[in-house]
Amino acid sequence: MPWTKVYTEKTDLKDTLAGEGLRALSYRDALKEAQTQLLRSDESVFLLGEGVDDTGGIFGSTLGLWKEFGKDRVMDLPIAENGMTGVAIGAAMAGMKPIFVHMRMDFLPMCMDQLINHAAKWNYMTGGKVNVPLVVRSIIGRGWGSAAQHSQALHGLFMHIPGLKIAMPSTPYDAKGLLMEAVNDGNPVMFIEHRWVYDYIGYVPEEPYTVPFGKGIIRRPGKDVTVVALSVMVYEAIKAAKTLEAEGIDIEVIDPRTLNPFDDALVIESVKKTGRLVIADVACKTGGVGAEIACRVAESAHEYLKAPVRRVNFPDTPTPCSPVLEEAYYPDAGSIVKAVKELIR
Amino acid sequence: MPWTKVYTEKTDLKDTLAGEGLRALSYRDALKEAQTQLLRSDESVFLLGEGVDDTGGIFGSTLGLWKEFGKDRVMDLPIAENGMTGVAIGAAMAGMKPIFVHMRMDFLPMCMDQLINHAAKWNYMTGGKVNVPLVVRSIIGRGWGSAAQHSQALHGLFMHIPGLKIAMPSTPYDAKGLLMEAVNDGNPVMFIEHRWVYDYIGYVPEEPYTVPFGKGIIRRPGKDVTVVALSVMVYEAIKAAKTLEAEGIDIEVIDPRTLNPFDDALVIESVKKTGRLVIADVACKTGGVGAEIACRVAESAHEYLKAPVRRVNFPDTPTPCSPVLEEAYYPDAGSIVKAVKELIR
Amino acid sequence: MKTNILDLEGVAKQASPEVLLSLMRTMVLVRRFEEKIIEVYPMQDMKTPVHLYIGEEAIASGVCAHLKKDDYIFTTHRSHGHCLAKGTGPEMLYAEFYGRSTGCSKGKGGSMHPADPENGILGTTAIVGGGIPLAVGTALASKMKKDGKISVTFFGDGASEEGTFHESLNFASMKQLPVVFICENNSYATTSPISQRQPHDNIAIRAEGYGIPGIAVDGNDVLEVYKAAGEAVQRARDGQGPTLIECKTYRWKGHVGPDCDHEKGCRPIEDLNKWMERCPVEMFKNFLIKNRFISETEYANMLGEIDRELDRSIKAARQCALPDKEELLKDVFHEKK
Amino acid sequence: MKTNILDLEGVAKQASPEVLLSLMRTMVLVRRFEEKIIEVYPMQDMKTPVHLYIGEEAIASGVCAHLKKDDYIFTTHRSHGHCLAKGTGPEMLYAEFYGRSTGCSKGKGGSMHPADPENGILGTTAIVGGGIPLAVGTALASKMKKDGKISVTFFGDGASEEGTFHESLNFASMKQLPVVFICENNSYATTSPISQRQPHDNIAIRAEGYGIPGIAVDGNDVLEVYKAAGEAVQRARDGQGPTLIECKTYRWKGHVGPDCDHEKGCRPIEDLNKWMERCPVEMFKNFLIKNRFISETEYANMLGEIDRELDRSIKAARQCALPDKEELLKDVFHEKK
Ligand SMILES: Cc1ncc(C[n+]2csc(CCOP(=O)(O)OP(=O)(O)O)c2C)c(N)n1
Ligand SMILES: Cc1ncc(C[n+]2csc(CCOP(=O)(O)OP(=O)(O)O)c2C)c(N)n1
Ligand SMILES: [Mg+2]
Ligand SMILES: [Mg+2]
């Protein structure tokens, strides 16, 4: 189905899709379209963030939106992440649906207090009386020697906090559908985008639609090894699948799409079939999402596991600047191929 | 050996130990003694934190220290966790060895930025030129209906951050020895104490000593199931062992003592022997330390695992206030017994 | 600090006799509400930390008298007085503190997290400084929705040290939001004196740096609070932006719990004695009696009535059902209806 | 804003001819250092984001002229000028930007994280507002150790919005620490104008709320900066506590990278033109020539010498070795020696 399909080449897909009579959009434009439609249809929605109204427009994903909706609804902010997150939470409690945008996830440690101690706990602490429909968009992904403070992916931290939902779209279709779902979910949602898929193109319907939370998707069926891939690693896994296919190894690529809720059943079913598990994440290894997924499998499908599990991650170091070190830091399709082969021998 | 021994009854141990000619001290006093000795022997050491000099003295662990060392070295602070952590980091870079004390771990989200983006990354970002010898003491543990914002245990988050060491002493002996090690480690160390063991008594030598990081310890040898227990759960596991013993089940209780570095070898060896693994933590389940430990075993000792792994944790909810809910929230020896039995049937 | 209640003339311009009596009523309600907790607390079945407001009643009373039911307030760990002054019924508060399912937060929040949306209390945070930006957020929502509501945030001198204080004032001033910042400066954060935390004991002057009015008032003089708050509320309603009011006051009990902490050497007993002489409830009562707004008998009747209501409330609250255990896993997330 | 360089008489009291020439030298060095980056950047082998300091040279130069080698400074993402002015050699900076193992942070930090402990630069954070408390921390250490050092933190107008600014000023004032806060107000944070972030364009007045001196100076007039910084540094050295200095200035290039951003419509080109007329380097050069501190020829010689040194440095830096891959896993933790 076109909305499940992952296109691994950035270019020329527009024509391919057009040939099939399908509307093609980049991930960036899918995000922008979702926000445009939300802003148009719901007065309580507004965007806020440092630079949402500027000439960069958050890597293009909010570009020019202020012209249609004004600077009150596409609101630039002081550099004061914790306070401003509190402001967004307060507004959300009072019935607004703010979308708070951070150009880099590295700035979220500034507002952990409002996210962890406030947004995440509010519905529970008030006995369900007051909910916080806040979406926090943040962008991860390798920069240009951006080094330790401008390249982090911290979604693993949020998975440990009850009360936060986490979406991690990999395709343009999901970017739009999950964002439209997130804004109307009624809960704080950490919405984590990857900069390196912003240019990727895929099928995106024009009309508004939602992608439900907690439903993962098999991006490529296979029988030998289950590869759970997050965000841009979905593309790397598809590439790895091609390489491995040539060697007769048939991997199943699962994209969980949301981390909380997490589609346990899909992963467990797959592992029951393949007996082998690799998790490919875009973050440091220890204490990350991969550990949680592996642990759930070890809890629920232990008897089906025919081999050790493998994680594909950044090493447990801060991000270096130097190009040679940066190159060594980031895993890719080759890393997945390597991990899979370790399980197959 | 007396320094590895866990005494599960709070009272009367003083006499027991005295009978054996051993010096007995509570966890609280062990912490205080460590700090006293550090303050006496090293001019660069100082304590700072909200209320370190007050009449409560951080549950007694810093009580009266200001009288000997003055309020410059036992320094009360404004309520400004992020800024003050930055101050401590700056002082550490300039050759001081600050011990920053938080009465509750719930306040750490306020200073995640300085901990994650600064302390953890500094040695790496400067190419090893400047290190940050900062110890952050924080206390976890059930309160008196303290609810969602005053009962959290967030050590799982820090495990995901390269550059932070994490110590989690369970006994008075380790409280002193690990703290003395932490202050001279030269790196940022998250030092996590549990309020419910403050009264526990154990053997503590008077002279200064250190407990090395990365060396776990078998608190009780056993052959049927490996139970990795953190902090106060060590005591619950020892209690569980007694119950299980009566039913002929022999568990091995491992206390890792530090989470980073983590003593993989000790856990792996144990699992190779027992084939079964339970992890008992004092925090919410998803994305926590238990997942990481289980995953490492699934990576390195998969073929020895005879049963699924089990985690004993808080449920994935914020902490409730009501006593009935609080009661249901916290796991104990019974929870460990239950988890172990699920693997043995 | 001056010790006189505002002169009668000023008062006449300020507040009608009805308002004066209602201020008195609120203050007595708050005082007696807390004193009942002190009575029952030793039974150890009110299992939640209580941060009592005794000695500071004039502030919540004087401020909330200007607020409509649907105006928003955000309070702190020291929340009881603000909730009562804003209209929350004592029974649902007591029930919350007893961890009952009929509590204002279904027993999940306890004393530090009351929620009463019907009276404009959208929940409460006990993270110091945490509630300041939340109030700015509801004020932003009101400005965007043009719903005419204003927001008030109460916080301590300690909270004014947190970065959120600065960030909130900056933003609220820039956007000219309908919010009033009430700093209750009782000179202590837990047992730490302000001299160990700030260069001077003068929080109101910070306002100038943000281009907004900042005033310090005698927080034990309900009419002074009432007057300053009235002006600030009016500015907010008129779209003229935020105001910072620092209310100088003192807490009589320990930071947390029903006991006095002076015995432990936390604070000089002389200070307590001095401030007790300036009891906000007594001072205002004397003023009302002296100026014949109320007679001793009327006052006694009012007190009796409040007491009976509180006795009934606390008893009823204690008899309410505890939550089912299944509640533990509920409310982590809001469910779409 | 006034456009005159301080009158000569004032200057004579302030600074010797040697100091004046050294200020000039630093400014030219910083300017030309950045211009070399603009030249090489299109080759795309300097793989790190560069935040150029062109237009703001007077600030780093005027402040650091008062500092000793072992006084501490903390800079930001826009770090080059401060490092050079404090004494860091251009070659180790360029090498760092090229990701070479000879770089000042062994190639691990890049342009945003220079470290040069020998010159009092203990590392650099690119988290906005992150460096402010760090400088307060080194100042605290100096006060505790009585080592006589002072600390200076440079940060932008944007950084003054972060909570850490407030928290740092409060603490530094209370403890009377030897630290100077230099706010480089270039009216923008990335492309966001200060009017979208603060109620007014006046950061210095915030100082009063903390009980410390706050002064605004023309950040393009090196002598005005020099004078204000001299007083602040003296106060710090004398144990009289911190000072906040706001330097009004303007950045010529885009927030990041070698290009000018006015074409993209980020900022009005008229503003740039106005500020370029007030080029700090040109203004000071003209002043020196007019008052015969330097001749045109001497200036040209100085420029030539600096240029040759920079050309040599950047070439040498580019030829240095890249780190070994094994370096990736090293330095996560400090190893005990
Ligand atoms: C961020 C944070 N840090 C520390 C605490 C612990 N704490 C609870 S109340 C309190 C003192 C607050 O003082 P103040 O703001 O003056 O309020 P008061 O209790 O005097 O009314 C502290 C430090 C907390 N709850 N939150
Ligand atoms: C905490 C944080 N938030 C956001 C950013 C992204 N960012 C980098 S520089 C910058 C603008 C800083 O403006 P200012 O402090 O005025 O310094 P200038 O660049 O003008 O010198 C921003 C928002 C960041 N690095 N850190
Ligand atoms: Mg106070
Ligand atoms: Mg700026």
Side-chain angles (χ1 to χ4, degrees), chain A residues 43-46 48 70 72-73 75-98 110-111 113-114 116-134 161-165 181 184-189 213 260-261, chain C residues 72 74 96 101 103-110 112-118 121-127 129-145 147 149 151 162-172 174-175 177 323 327 330-337:
Chain A
E43 281 208 328
S44 54
V45 174
F46 70 108
L48 71 173
D72 285 340
R73 295 186 69 204
M75 188 190 287
D76 191 21
L77 290 183
I79 312 181
E81 288 81 0
N82 203 38
M84 293 307 104
T85 303
V87 168
I89 294 171
M93 288 176 193
M96 302 299 289
K97 294 176 189 156
M110 301 291 290
C111 46
D113 166 58
Q114 284 292 338
I116 293 180
N117 281 335
H118 294 86
K121 298 181 173 35
W122 210 262
N123 197 67
Y124 196 85
M125 287 197 311
T126 61
K129 278 189 181 169
V130 180
N131 61 314
V132 178
L134 166 69
I161 306 298
L164 296 178
K165 296 197 174 179
E181 177 74 12
N184 286 301
D185 183 81
N187 290 291
V189 178
F213 280 15
N260 187 356
Chain C
Y72 298 116
F74 284 88
E96 185 61 31
S101 58
C104 61
S105 306
K106 283 179 27 194
K108 290 186 173 168
M112 295 193 284
H113 309 296
D116 181 13
E118 285 185 19
I121 301 169
L122 298 183
T124 300
T125 169
I127 292 296
I132 308 178
L134 299 179
V136 176
T138 52
L140 176 67
S142 292
K143 184 161 182 173
M144 292 179 93
K145 299 204 246 177
D147 64 12
K149 299 182 194 179
S151 297
E162 287 282 8
T164 51
F165 170 79
H166 168 72
E167 295 172 353
S168 297
L169 262 68
N170 182 57
F171 185 78
M174 175 181 60
K175 297 278 182 197
L177 297 181
E327 274 295 322
K330 291 184 189 159
D331 295 325
V332 179
F333 290 110
H334 169 77
E335 304 283 340
K336 270 190 254 191
K337 261 133 225 165

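Residue numbering restarts at 1 for every chain, and letters A, B, ... go by the order of the sequence lines.
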Handout entry: Pair Q114(A)-I127(C), side chain to side chain contact (heavy atoms under 4.5 Å, CB included): steps then yes or no
Key = CA-CA 9 Å; Q114(A) 284 292 338; I127(C) 292 296; over 6 Å; no

Exercise for the section: Just do the side chain to side chain contact (heavy atoms under 4.5 Å, CB included) check on M144(C) and R73(A) with the steps written out, would you? Expected result: CA-CA 9 Å; M144(C) 292 179 93; R73(A) 295 186 69 204; 4.3 Å; yes

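Here the closest heavy-atom approach between residue N260(A) and residue F333(C) is recorded as ND2-CZ, 3.9 Å. Taking all atoms of both residues into account, the shortest heavy-atom contact from N82(A) to E167(C) is C-OE1, 3.7 Å. Contact detail for P117(C) and K129(A): the closest heavy-atom pair is CD-CD, 3.7 Å. Of all heavy-atom pairs between G127(A) and K108(C), the closest is CA-CD, 4.3 Å. Heavy-atom minimum distance, A94(A) versus Y72(C): CB-OH, 3.6 Å. Of all heavy-atom pairs spanning K145(C) and G95(A), the tightest one is NZ-CA, 4.1 Å.
At a 4.5 Å heavy-atom cutoff, the contact between E327(C) and chain A is made by backbone atoms alone. Looking at F74(C), the atoms closer than 4.5 Å to chain A (heavy atoms on both sides) all sit in the side chain, from C-beta outward. Looking at T124(C), only its backbone comes within 4.5 Å of chain A, counting heavy atoms on both sides. Heavy atoms closer than 4.5 Å to chain C are found nowhere in K121(A), neither backbone nor side chain. Only the side chain of M75(A) has a heavy atom closer than 4.5 Å to any heavy atom of chain C. Residue contact with chain A, scored on non-hydrogen atoms closer than 4.5 Å, is absent for M112(C). Only the backbone of K330(C) comes within contact range of chain A, with heavy atoms under 4.5 Å apart. Proximity to chain C is limited to the backbone of L164(A), based on heavy atoms less than 4.5 angstrom apart. Residue K149(C) does not touch chain A at all, counting heavy-atom pairs closer than 4.5 Å. Residue contact with chain A, scored on non-hydrogen atoms closer than 4.5 Å, involves the backbone and the side chain of L122(C) alike.
Interface remark: of the candidates T85(A), I79(A), V87(A), V87(A) forms the most heavy-atom pairs closer than 4.5 Å to chain C. Here G130(C) is the residue among G129(C), G109(C), G130(C) with the most heavy-atom pairs under 4.5 Å with chain A. Taking L134(C), N170(C), D147(C) one by one and counting their heavy-atom pairs under 4.5 Å with chain A, the maximum is reached by L134(C). In terms of heavy-atom pairs under 4.5 angstrom with chain A, the leader among V332(C), L140(C), V136(C), L177(C) is V332(C). Top candidate by heavy-atom pairs under 4.5 Å with chain C, chosen from G128(A), G186(A), G163(A), is G163(A). Listed options V130(A), D72(A), N117(A), D113(A) were ranked by heavy-atom pairs under 4.5 angstrom with chain C; first place goes to V130(A). When H334(C), K106(C), E335(C) are compared by the number of non-hydrogen pairs under 4.5 Å with chain A, H334(C) comes out ahead.
To the nearest 0.5 angstrom, K175(C) atom NZ is 7.5 Å from L77(A) atom CG. Considering CD1 of I89(A) and OG1 of T125(C), their distance stands at 9.5 Å, rounded to 0.5 Å. For the atom pair OG of S105(C) and CH2 of W122(A), the computed distance is 9.5 Å after rounding to the nearest 0.5 Å.
Under the 3.5 Å distance criterion, the side-chain polar atoms of D331(C) are left unmatched by any main-chain donor or acceptor of N123(A).
With respect to the salt-bridge test (charged N to carboxylate O, under 4.0 angstrom), the residues K336(C) and E181(A) qualify.
With sequence neighbours excluded, no residue forms a ring-ring contact (aromatic ring centres under 6.0 Å, His included) with H118(A).
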